[in-house]
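The structure under discussion appears below in the form of structure tokens.
When a ligand or atom number is given, it counts from 1 through the structure's own listing order. Residues: numbered from 1 along the sequence shown. Quick caveat: nothing in here was measured; it's all calculated off a predicted structure.
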Amino acid sequence: MPLQIVRIKPNPAGKDRNRYGQTPAAQLAGEWVDFTNNGTVPFDLSHVELWHRAYHHGQSPTWDKVMSFRGNLQPGRTVRVHSGSGPDSVIRDEDRRGADFHLFSDKDYVWNNKEGDTPALYNPVTKVTLDSASYDPNPPEGEVLTRSGDKLVPAKVPSYSRR
Ligand SMILES: [Ca+2]
């Protein structure tokens, strides 16, 4: 499939909530996932949805829809879906780099820390999963995970393996 989930920052650095129990918009926008059109022709996003694994107390996880899209994604272009509602001006430079389009899910934090997660691109008309990739529980804080096979993994080499 030309559409591929390529990167995710599931656990932005810093506290999830401030001391008033609120989430600053820039902090929320620091949680994001990227997908790219790796094909050679424009990809129609009008039947594409982004989903994830939602965990509920004591129950099996379910698939929950994060958002849907519209328009055509040109070859080689990357969409970044930020958590929260923006506006665009709250996106920090580090969270802006590396993507061509920035969208907001209009949701609170989406990507699980404790349980890990599986971003999936789904076509609800054909009921085909276009792409999905998982990451392990407890992703490092502030880390961008990159695609490797069917996983999203930390890019940095752990210091203990550098001897
Ligand atoms: Ca998270």
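Considering just the N/O/S atoms of E31, the one nearest the Ca ion (ligand 1) carries the name OE2.
For the Ca ion (ligand 1), the set of nearby N, O or S atoms under 3.0 Å includes one belonging to P10. Under 3.0 Å from the Ca ion (ligand 1) lies no N/O/S atom of Y109, from backbone or side chain alike. The nearest N, O or S atom of W111 is closer to the Ca ion (ligand 1) than 3.0 Å.
Counting only distance, with no hydrogens or angles, the side chain of Q27 and the backbone of A13 share a donor-acceptor pair below 3.5 Å.
For N112, the side chain to side chain donor-acceptor pair (under 3.5 Å) test picks out D117, with sequence neighbours left out. Every residue meeting the ring-ring contact (aromatic ring centres under 6.0 Å, His included) condition with F69, not counting sequence neighbours, appears here in chain and number order: F35.
Side chains of D44 and S46: a donor-acceptor N/O pair is present below 3.5 angstrom, by distance only.
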